[in-house]
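For reference, the structure discussed in these notes is given below.
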Amino acid sequence: MKTLPFLLALLAGLALSAVQAAEPIVIKFSHVVAPATPKGKAADRFKELAERYTQGAVRIEVYANGQLYRDRDEMTALRLGAVQMLAPSLSQFGSLGMRDFEVFDLPYLFPNKATLYRVMDGDIGKRLLARLEARNIKGLAYWDNGFKQVSANRPLESVEDFKGLKMRIQSSKVLDAQMRMLRAMPQVIQVMDVRTRLAEGAVDGTENTLSNFYSQRLHEVQKHLTLSDHGYLGYAVIVNKPFWDGLKPEIRAQLEKALKEATAYERRITQEENDNALAAIRAAGTTEIHVLPDTGRRAWQQALLPVHEQLSDLLGKDTIQAIYKIAAEVAREERPHNGKRQ
Ligand code: LMR
């Protein structure tokens with residue numbers, strides 16, 4: 001009987017062509033910075049890996065530079081399902097009423113990357129991501145952009161130099177308090193508008209990582225940059241939860257694998273990206289770079305530490321204490337290396 005095998009082969013062929021003809025699942029991944037930044041590169045790497053591992057069953061569309069949504073709108077777009085994936089900075093979660101994410105904004109909280117990663121990968125980081133579920137958001141990973149530096153059109157060497165300056169910040173109560181502590185006037189501006197507002201003179205200065213500073217071409221409109229490492233900029237990679245839960249488990253597993261690898265890649269390149277940006281800013285010759293001597297750094301730390309206490313009710317006293325403890329643990333472990341920053 002030839003008919004049965006023939007029929008089975010026919011059915012298998014039909015099933016295969018149905019699968020092949022099926023439209024891929026599209027994940028729109030929106031972010032607000034340039035492709036040539038740690039976040040931009042990691043998003044592109046995630047796309048490449050996710051499409052490879054799912055053998056084309058998933059298509060990732062990466063939209064950089066806020067071309068789809070600006071930082072103020074992207075969280076709403078995610079919750080409405082207009083995009084499926086984002087990597088907003090940790091300062092953006094206050095807009096969801098989750099101010100405790102702003103603990104990452106506290107000035108001089110993380111003495112090194114080892115402390116930071118231990119916080120992100122440990123209980124504190126996990127607890128924060130889990131809290132997003134109440135907002136129909138699934139937190140999948142943390143990405144890193146490194147420590148922030150400050151710039152203006154006058155040198156910022158002593159804390160007195162900030163007095164009266166209008167300083168751009170992200171929307172964050174902690175960043176607001178930090179600038180006020182320096183007697184500067186904080187102004188919330190979305191990243192894509194910062195260059196224009198600086199060029200117009202609507203604000204005097206800003207803080208950001210070197211990769212953002214260079215890729216936003218802020219060196220063309222800021223004469224002085226101080227390497228202060230006073231604050232931190234990182235991201236949470238998040239997805240729309242109903243969308244994520246609706247994926248087949250095997251697809252989710254492949255996407256998780258791709259994200260894990262993209263996250264490791266992101267952490268590997270972030271320091272190099274910021275170092276390259278510093279070299280490029282230097283080469284451009286438009287911005288004088290100031291390195292704080294140790295005494296200067298200590299004076300900045302002393303001036304800014306009261307922000308920890310001031311915001312401790314909002315951010316959670318226990319969380320702040322737990323981070324100090326982790327920093328002390330890391331310092332003890334690293335003592336033979338003499339506290340060298342990674
Ligand atoms: C900023 O607003 O400066 C940053 O959050 C931008 C980013 O996503 O790195």
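Numbering of ligands and ligand atoms starts at 1, following listing order.
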Under 4.0 Å between a Lys/Arg side-chain N and an Asp/Glu carboxylate O for K223 and E288? no
Under a 4.0 angstrom heavy-atom cut-off, which atoms of ligand 1 come close to [X]?
| X | value |
| --- | --- |
| S89 | 5 (O) |
| V33 | 6 (C), 7 (C), 8 (O), 9 (O) |
| V32 | 8 (O) |
| L233 | 5 (O), 9 (O) |

Check [X] against ligand 1 and report side chain, backbone, both or neither, counting heavy atoms closer than 4.0 Å.
| X | result |
| --- | --- |
| V194 | neither |
| N208 | side chain |
| N212 | side chain |

Look only at interatomic distance and state if Y235 has a nitrogen or oxygen under 3.5 Å from any nitrogen or oxygen of ligand 1. yes
Got an N/O contact under 3.5 Å between Q170 and ligand 1? yes
Under the salt bridge (charged side-chain N to carboxylate O under 4.0 Å, His left out) rule, what do E333 and R335 come out as? Steps first, then yes or no, please. CA-CA 6 Å; E333 290 165 20; R335 203 151 287 149; over 6 Å; no
protein heavy-atom neighbour closest to atom 8 (O) of ligand 1 works out as K39 NZ, 2.7 Å
Nearest non-hydrogen partners of V33 and Q216, listed with the distance: CA-NE2, 4.3 Å
What are the two closest heavy atoms between R168 and V194, and how far apart are they? NE-CG2, 3.4 Å
Only one of K113, R268, R267 forms a salt bridge (charged side-chain N to carboxylate O under 4.0 Å, His left out) with D144, so which one is it? K113
Report the C-alpha distance between E266 and K39 in whole Å, list the side-chain angles of each, state the deciding distance to 0.1 Å, and finish with yes or no for salt bridge (charged side-chain N to carboxylate O under 4.0 Å, His left out). CA-CA 7 Å; E266 213 262 358; K39 175 160 69 176; over 6 Å; no
Ranking Q190, R168, Q216 by closest non-hydrogen atom to atom 1 (C) of ligand 1, top hit is R168
Would you call H219 and Y214 a side-chain contact if the rule is heavy atoms closer than 4.5 Å? yes
Heavy-atom count around D123 CG within 6.0 Å, excluding the residue itself: above 12? no
